[in-house]
Visitor: 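I have a structure I would like to understand better, so I am pasting it below and will then ask my questions one at a time.
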Number of protein chains: 2
Amino acid sequence: MVATARRIQQACSHCSVAHLCLPYSLDPVEISRLESQISFDRSVTAGDQLFAQGDQLKALYAISKGSFKTAVVDANGLEQIMGFYFPGDLLGLDALGEQTHQCTATAIENAAVCRLPFHQLEGLLTQLPSLRSRLMRLMGQALTDDEQQLLAMGQKNSEGRLATLLLNFSRRRAMRNLDSTTVYLNMKRADLANYLGMRVETISRVLGHLQSQGILDRKRKEVKILDLAALHTRAGSTAWVADD
Amino acid sequence: MVATARRIQQACSHCSVAHLCLPYSLDPVEISRLESQISFDRSVTAGDQLFAQGDQLKALYAISKGSFKTAVVDANGLEQIMGFYFPGDLLGLDALGEQTHQCTATAIENAAVCRLPFHQLEGLLTQLPSLRSRLMRLMGQALTDDEQQLLAMGQKNSEGRLATLLLNFSRRRAMRNLDSTTVYLNMKRADLANYLGMRVETISRVLGHLQSQGILDRKRKEVKILDLAALHTRAGSTAWVADD
DNA sequence: CGATTGTTTGAGGAATATCAATATGTGTGG
DNA sequence: CCACACATATTGATATTCCTCAAACAATCG
């Protein structure tokens with residue numbers, strides 16, 4: 001019984017985040033061809049790496065449960081957290097160019113992923129034009145996401161960047177039909193700080209500030225958004241010109 | 001005579017930056033098929049837009065002469081310069097996902113571009129797998145470039161970011177077999193400042209500082225790199241911890 | 001429950017933004 | 001070709017954000 005139930009769940013067609021994931025816009029036949037190549041729901045322990053910067057591309061991974069961070073290290077040893085990823089997100093896209101992973105993906109908490117061997121995926125690419133265009137679209141989105149983050153880093157102050165991240169997480173929860181008034185900052189403050197280009201102390205202070213203004217309410221890693229409009233205002237504020 | 005000479009130059013196979021551009025890694029037959037779709041060396045006046053954010057994707061553009069900047073504007077009206085582009089660079093890649101341009105491309109100086117109608121290009125994509133993989137690689141590079149810039153924005157101080165940009169421009173000149181000890185900052189200070197997430201005054205001061213240290217020598221927009229090693233050191237310096 | 005790791009709070013300082021003034025460059029009409 | 005007007009770049013003085021360092025507090029794990 002349990003085994004049967006699991007088998008049923010282990011298919012894109014029954015996945016609650018398929019609309020965010022690779023299958024989106026594929027027809028049922030195409031999806032079943034895709035499914036035949038996937039190994040579903042492989043569990044990943046918190047702290048484990050899915051792949052590391054420099055690794056040869058062997059597979060793409062779709063998150064089915066939990067969350068991940070990606071990071072790059074440059075020649076000088078500087079590390080930058082590049083993003084946080086949730087169920088339905090695809091990991092490994094940045095390896096499609098050079099066939100080599102350009103970042104390291106690490107599980108933030110216990111997680112599970114669906115593994116898409118690249119060999120088989122590449123075969124499907126020529127046979128399924130819609131899969132190719134889907135992959136291109138996902139790469140384009142990754143590009144756009146990076147550019148949004150660049151805009152935040154260049155044009156917004158600490159409060160604006162943090163508010164932007166909270167709204168981003170909120171929106172992504174909404175896309176997963178989860179309560180978008182609550183977000184979970186499960187990653188370490190240090191990772192969040194690195195991602196946002198600020199110090200952990202500043203994160204604390206800004207969160208405290210937003211809470212004291214009645215915009216947020218937090219308990220532990222859980223952050224409740226009380227005043228969405230105000231948060232949007234803060235997120236849109238340009239750098240170095242606080243409107244208080 | 002002149003016309004003949006121009007005709008000969010108007011082909012990827014005779015282009016001095018073909019190794020950076022789309023044809024790279026294509027064989028002669030494939031290149032000639034590509035060439036047949038291109039309209040070469042269309043001139044663009046300084047300040048003109050090649051395409052604007054929101055425009056439908058009609059073509060990709062390869063720069064044959066001059067330089068361009070790209071910029072995005074977000075919902076709050078904040079503008080971010082996303083990059084600067086030189087001969088051999090391809091413009092419009094970020095439209096491949098949504099079939100809509102995600103940024104605006106503007107000529108910094110009088111320039112010329114080769115135009116690749118997307119319709120025809122898309123047709124070639126299915127026929128020439130090497131072209132598809134080339135395009136994917138270029139998208140991957142765009143992604144990596146954005147990530148390098150994100151790292152600079154998050155981890156480096158003003159001097160580090162500016163030094164990083166100078167080295168970036170220098171390296172790109174080297175790839176074009178140009179003198180890599182000289183770079184040209186042809187864009188306005190305001191664009192440079194926006195791109196680097198700082199103010200024009202800070203650019204002036206940092207450039208002045210680097211010059212007073214004997215690392216740079218500038219006259220007008222031309223910047224000569226006198227001490228490459230020192231510039232690398234500055235570029236690698238982390239934010240907020242200057243090593244003087 | 002102690003040790004270790006991660007988070008928050010406080011005081012002071014450094015980097016860089018802002019504002020103001022000057023200098024330099026660029027285009028235009030006479 | 002010059003002179004004027006306007007745009008752009010530099011320099012100086014001050015203000016502000018956010019980092020740094022230090023310490024207390026909280027959570028996690030054996």
Side-chain angles (χ1 to χ4, degrees), chain A residues 45-47 69 78 81 106 108-110 152-165 184-212 216-223 234 237-244, chain B residues 45-47 69 78 81 106 108-110 152-165 184-212 216-223 234 237-244:
Chain A
T45 307
K69 65 179 178 186
L78 294 178
I81 304 294
T106 308
I108 287 173
E109 57 200 321
N110 289 336
M153 297 290 281
Q155 309 301 327
K156 297 178 185 179
N157 61 15
S158 293
E159 189 179 70
R161 298 206 293 279
L162 184 46
T164 300
L165 174 124
Y184 295 87
L185 302 179
N186 287 334
M187 65 293 300
K188 292 186 187 130
R189 283 277 185 279
D191 286 337
L192 206 49
N194 177 300
Y195 177 69
L196 294 172
M198 52 210 227
R199 302 281 114 165
V200 292
E201 296 94 327
T202 306
I203 304 243
S204 264
R205 285 187 245 271
V206 172
L207 282 176
H209 186 231
L210 290 175
Q211 177 156 38
S212 75
L216 301 179
D217 186 32
R218 13 167 217 157
K219 34 177 91 92
R220 294 175 173 290
K221 293 170 176 306
E222 180 184 326
V223 177
R234 304 312 174 102
S237 74
T238 61
W240 317 302
V241 185
D243 55 349
D244 223 0
Chain B
T45 307
K69 65 179 178 185
L78 293 177
I81 303 293
T106 308
I108 288 173
E109 56 200 322
N110 289 336
M153 297 291 281
Q155 309 301 325
K156 298 177 184 181
N157 60 15
S158 293
E159 189 179 71
R161 298 206 293 278
L162 184 47
T164 300
L165 173 122
Y184 294 87
L185 302 179
N186 286 335
M187 65 295 298
K188 290 187 187 129
R189 282 278 185 276
D191 286 337
L192 206 49
N194 177 299
Y195 177 69
L196 293 172
M198 52 210 224
R199 302 281 115 162
V200 292
E201 296 94 327
T202 307
I203 304 244
S204 265
R205 284 187 246 271
V206 173
L207 281 176
H209 186 232
L210 290 174
Q211 177 157 37
S212 75
L216 301 179
D217 185 32
R218 17 169 211 152
K219 35 177 91 94
R220 295 177 172 289
K221 295 170 175 307
E222 179 184 325
V223 178
R234 304 312 173 99
S237 75
T238 62
W240 317 304
V241 185
D243 56 349
D244 224 1

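Values reported hereafter were calculated over all heavy atoms of this structure, with side chains retained and with hydrogens, waters and symmetry mates removed. Per chain, numbering begins at 1; letters A, B, ... match sequence-line order. Everything numeric in this text was worked out from a predicted model, so none of it was measured.
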Visitor: Whole-Å distance between D:dA26 P and A:Leu207 CG?
Guide: 17 Å
Visitor: Would you say B:Arg199 reaches D:dT10's phosphate, i.e. side-chain N/O to OP1/OP2 under 4.0 Å?
Guide: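 For D:dT10, neither OP1 nor OP2 has a side-chain N or O of B:Arg199 closer than 4.0 Å.
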Visitor: What nucleotide, of C:dT16, D:dT8, C:dT26, holds the atom closest to the side chain of B:Asn157?
Guide: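 Output: C:dT16.
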Visitor: Can you give me the closest heavy-atom contact between A:Ala46 and A:Ile108, atom names plus distance?
Guide: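 Closest heavy-atom pair between A:Ala46 and A:Ile108: CB-O, 4.1 Å.
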Visitor: Could you check how far NZ of A:Lys219 sits from P of D:dA26, rounded to whole Å?
Guide: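 So the NZ-P distance, A:Lys219 to D:dA26, works out to 18 Å.
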Visitor: Just verifying a value: how many Å separate A:Lys69 NZ and A:Ile81 CD1, rounded to the nearest 0.5 Å?
Guide: 5.0 Å
Visitor: Closest to the A:Lys188 side chain: D:dA27, C:dG6, C:dT16?
Guide: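 The nucleotide sitting nearest to the side chain is C:dG6.
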Visitor: Please report the shortest heavy-atom distance between B:Met187 and B:Lys221, naming the atom on each side.
Guide: O-NZ, 4.0 Å
Visitor: Would you mind telling me which of C:dA17, D:dC19, D:dT10 lies closest to the side-chain atoms of B:Arg218?
Guide: D:dT10
Visitor: How long is the straight-line distance from CG of A:Leu192 back to CG of A:Leu162, given to the nearest 0.5 Å?
Guide: 6.5 Å
Visitor: Both A:Lys221 and A:Val206 contact DNA chain D. Taking the nearest nucleotide for each, which residue is further toward the 5' end?
Guide: A:Val206
Visitor: If you check every side-chain atom of B:Arg189, which of D:dT10, D:dT11, D:dC18 has the closest atom?
Guide: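 Taking heavy atoms from C-beta onward, the closest nucleotide is D:dT10.
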Visitor: Tell me the interatomic distance from B:Asn194, atom CG, to D:dA9, atom C1', rounded to whole angstroms.
Guide: 17 Å
Visitor: Can you figure out which of C:dT7, C:dA17, D:dT11 approaches the side chain of B:Ser204 most closely?
Guide: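 Selected nucleotide (nearest to the side chain): D:dT11.
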Visitor: Once you apply a heavy-atom cut-off of 4.0 Å, does A:Arg205 come out as touching a base, just sugar-phosphate, or nothing?
Guide: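 Base: the residue A:Arg205, judged by heavy atoms under 4.0 Å, touches a nucleobase.
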Visitor: Pair A:Arg234, A:Thr164 - check side chain to side chain contact (heavy atoms under 4.5 Å, CB included), show working.
Guide: CA-CA 8 Å; A:Arg234 304 312 174 102; A:Thr164 300; over 6 Å; no
Visitor: Distance check needed: C:dT7 C1' versus A:Gln211 CD, whole Å only.
Guide: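 One finds 14 Å between C1' of C:dT7 and CD of A:Gln211, rounded.
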Visitor: May I ask you to say what A:Arg161 touches in the nucleic acid, namely base, sugar-phosphate or nothing, with a heavy-atom cut-off under 4.0 Å?
Guide: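 Answer is nothing: A:Arg161 stays at 4.0 Å or more from every strand.
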Visitor: Could you tell me how far apart B:Met198 (CE) and D:dT16 (P) are, to the nearest whole angstrom?
Guide: 22 Å
Visitor: From CZ of B:Arg234 over to C1' of C:dA15, roughly how many Å is that when rounded to an integer?
Guide: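 About 15 Å, once rounded to whole Å.
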Visitor: Taking only the side-chain heavy atoms of A:Glu201 (C-beta and beyond), determine which of D:dA27, D:dA22, C:dG25 contains the nearest atom.
Guide: D:dA22
Visitor: Answer yes or no: does a side-chain N or O of B:Thr202 lie under 4.0 Å from OP1 or OP2 of C:dT16?
Guide: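 No, outside the criterion.
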Visitor: What is the distance, rounded to the nearest whole Å, between atom CD of A:Gln155 and atom C1' of C:dT16?
Guide: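 Interatomic distance, CD of A:Gln155 to C1' of C:dT16: 15 Å.
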Visitor: Could you tell me how far apart A:Ile203 (CD1) and D:dT20 (P) are, to the nearest whole angstrom?
Guide: 14 Å
